[in-house]
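First up is the structure itself, then whatever we jot down about it.
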Amino acid sequence: MTALAQVPTASGPAAAPPPPRRGRHRLLPYLLLLPGAAWLFVFFALPLLQLAAASLYDPTGSLSTGYALTWAFGNYPDALQAYWPHFLRSFLYAGIALVLGLLMGYPLAYAIAQKAGRWKHLLLVCVVAPMFTSFLVRTLAWKTILSDNGAVVGLLRDVHLLGADGRLLATPVAVILGLTYNFLPFLVLPLYASLERLDYRLLEAASDLYASGVQAFRRVTLPLSMPGLIAGTLLFFIPATGDYINAVLLGTPSEYMIGNVIDSAFLVRLDYPQGAALSFLLMAAILAVVFVYLRRAGTEEVL
C-alpha cells in the first residue's frame with residue numbers, strides 16, 4: 001500500500017512535462033542571423049576595412065614598388081582640394097534629377113495606385129520592364145534618342161527651343177535626363193506601395209470638411225505617403241550621386257562626376273590611395289546629406 005501510494009498519477013503534479021530548455025530557444029534567433037552576418041562581414045565589412053587602409057597608404061607608392069601603410073591622413077584634404085568641383089557636380093546633377101523624378105514619379109505612382117483600376121498591373125510592369133535590360137543598354141538607348149540627328153532634337157529645333165546647331169547629347173541636360181530615367185523606378189515603386197494603402201475615404205472626409213484639393217493633398221495624401229517618399233528619394237539619390245556611366249556615355253569630361261574620378265583613380269591612374277580617399281569622402285558626404293534629410297523629413301512628418 002505504501003509503494004502504491006507513492007506512484008504518481010496522470011492527473012497529479014508529478015505528471016507535468018519538464019520545463020523547456022530556454023537557453024536553446026534564446027540562441028535560436030542569433031543562430032538564424034549567423035549566415036547573413038557572416039556574409040556581410042566577409043563581403044562588406046572586410047572590403048570596407050581594406051578600403052579604409054588603402055586610403056591611408058603612402059601616396060608616393062605604386063603597384064610596382066608596393067604601398068606602405070603610413071597613416072597618410074593628408075590624402076583626404078588633398079583629394080578634396082583637387083576634385084571638389086566633381087563632388088558639387090555630382091550632388092547638383094543628382095538633386096536636379098531627383099526633382100524631375102518627383103515631378104514625374106509622384107503623379108505616376110498616385111495614378112497607378114488610385115486611378116488605374118484593372119490596368120494597375122500592366123502599368124506596374126511598364127515601370128519595371130526597363131530594369132529587365134542592362135543598365136548600359138538603357139543608357140546607350142538614350143544616346144541614340146538624344147543624338148543630333150534624332151527625332152527629339154529635330155522636334156526641339158522645329159519649335160525653336162534649340163538653335164540650328166543646338167544639341168542635347170554631350171551636355172549636362174543629357175546626363176541629368178539619363179540619371180532621371182535610369183533611377184526613376186526606384187522612386188516610383190516605394191511611392192506606389194505607400195499610396196496603394198491610402199484609404200480614399202480619408203480624402204472624401206477632407207472634402208466634406210471643405211478642404212480644397214491642394215489642402216487635402218498637403219494634409220492627408222502627402223503625410224500618409226511620407227514613408228514611401230523617404231525610401232524612394234533615398235533609393236534614387238544615393239546611387240545617382242555615385243553614378244559614372246551616364247556622364248561617360250551622355251556627357252563629356254566637362255560633365256564628369258565624382259564616380260568618374262574614382263573609376264579613373266582605380267583603373268586608369270592606379271592611384272589607390274586617392275581613389276580610396278575619394279570613396280570615403282563620397283560616403284561621408286552622402287551619409288551627412290541623408291542624416292540631415294531624415295531629420296528634416298521626420299520633423300515634417302510629425303508636424
Side-chain angles (χ1 to χ4, degrees), residues 83-112 115-116 119 122-189 191-192 213-214 217 229 232-233 235-264 268:
Y83 295 106
W84 65 266
H86 296 81
F87 276 100
L88 295 181
R89 189 178 301 125
S90 299
F91 283 93
L92 178 62
Y93 286 1
I96 297 175
L98 177 59
V99 173
L100 293 176
L102 287 172
L103 293 176
M104 294 184 293
Y106 200 105
L108 177 60
Y110 183 85
I112 296 175
K115 305 295 184 181
W119 300 102
L122 178 61
L123 292 175
L124 282 176
V125 170
C126 292
V127 172
V128 180
M131 301 177 67
F132 295 163
T133 61
S134 169
F135 188 96
L136 185 62
V137 172
R138 283 181 279 146
T139 309
L140 287 172
W142 270 93
K143 187 174 183 179
T144 303
I145 293 171
L146 301 177
S147 63
D148 295 342
N149 298 323
V152 175
V153 173
L155 177 62
L156 293 177
R157 287 173 179 172
D158 292 338
V159 298
H160 302 289
L161 292 178
L162 281 178
D165 297 328
R167 60 185 323 211
L168 291 178
L169 195 63
T171 64
V173 175
V175 178
I176 293 172
L177 290 177
L179 292 172
T180 305
Y181 167 76
N182 280 307
F183 298 107
L184 186 61
F186 297 102
L187 177 62
V188 173
L189 294 179
L191 276 172
Y192 165 79
V214 176
F217 173 79
L229 181 62
T233 51
L235 290 174
F236 185 107
F237 181 79
I238 293 174
T241 305
D243 180 74
Y244 63 96
I245 297 296
N246 287 276
V248 169
L249 298 180
L250 303 179
T252 65
S254 299
E255 286 81 40
Y256 276 7
M257 302 164 66
I258 192 61
N260 301 99
V261 178
I262 295 174
D263 174 72
S264 176
V268 179

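Shown here is Asn149, whose CG atom has no more than 12 heavy atoms of other residues, nucleotides or ligands within 6.0 Å.
Scanning all heavy atoms of the two residues, the minimum distance from Pro185 to Met131 falls at CB-SD, 3.5 Å. Tyr244 and Gly259 get closest at one heavy-atom pair: CB-C, 3.6 Å. Taking every heavy atom of both residues into account, Ala247 and Tyr256 meet most closely at O-CE1, 3.8 Å. Minimum heavy-atom separation, Leu249 to Lys143: O-CD, 3.6 Å. Considering every non-hydrogen atom in both Pro130 and Cys126, the closest pair reads CD-O, 3.3 Å.
For the pair Arg157 (side chain) and Gly166 (backbone), a donor-acceptor distance under 3.5 Å is present. Checked by atom type and distance alone, the side chain of Arg89 never pairs as donor or acceptor with a backbone atom of Glu255 at under 3.5 Å. A donor-acceptor pair is defined here as one N or O able to donate and one able to accept, closer than 3.5 Å; no such pair exists between the side chain of Thr171 and the backbone of Arg167. The backbone N or O of Ile258 lies less than 3.5 Å from a partner atom in the side chain of Ser90, making a donor-acceptor pair. A distance-only check finds a donor-acceptor pair linking the side chain of Thr180 to the backbone of Ile176 [under 3.5 Å]. Checking side-chain atoms of Asn182 against main-chain N and O of Leu179 turns up no donor-acceptor pair under 3.5 Å.
The shortest distance between side-chain heavy atoms of Phe186 and Pro239 does not fall below 4.5 Å. In this structure, Ile96 and Leu92 have side chains that are in contact, with non-hydrogen atoms separated by less than 4.5 Å. Residues Leu184 and Leu100 form no side-chain contact, since every pair of their non-hydrogen atoms from C-beta on lies 4.5 Å or further apart.
Defined by atom type and a distance below 3.5 Å, a donor-acceptor pair is present between the side-chain atoms of Asp243 and Asn246.
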Task: Audit row: Val128, Val188, side-chain contact (heavy atoms from CB on, under 4.5 Å) steps and yes/no - done: CA-CA 10 Å; Val128 180; Val188 173; over 6 Å; no
- [ ] Apply side-chain contact (heavy atoms from CB on, under 4.5 Å) to the pair Thr233 and Leu229, showing each step before the final yes or no.
- [x] CA-CA 6 Å; Thr233 51; Leu229 181 62; 4.1 Å; yes
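Looking at residues two or more places apart in sequence or on another chain, you find a side chain to side chain contact (heavy atoms under 4.5 Å, CB included) between Phe217 and Tyr106, Thr221, Leu222.
The aromatic rings of Phe236 and Phe183 sit perpendicular to each other, their planes meeting at more than 60°, with 30° as the lower class boundary. Using cut-offs of 30° and 60° on the angle between ring planes, the pair Tyr83 and His86 is perpendicular.
The distance from the CG atom of Leu189 to the CG atom of Leu124 is 7.0 Å, given to the nearest 0.5 Å. With rounding to the nearest 0.5 Å, the separation of CG in Leu156 from CG in Leu161 is 5.5 Å. Atoms CZ and CG, from Phe91 and Leu98 in turn, are 12.5 Å apart once rounded to the nearest 0.5 Å.
Each of Ile245, Leu177, Leu169 was checked for a side-chain contact (heavy atoms from CB on, under 4.5 Å) with Leu250, and the lone residue meeting it is Leu169. Tested against Leu187 for a side-chain contact (heavy atoms from CB on, under 4.5 Å), the candidates Leu102, Leu235, Leu108 yield a single pass: Leu102.
Sorted by first then second residue, the ring-ring contact (aromatic ring centres under 6.0 Å, His included) pairs that include residues 147-168, not counting sequence neighbours, number zero.
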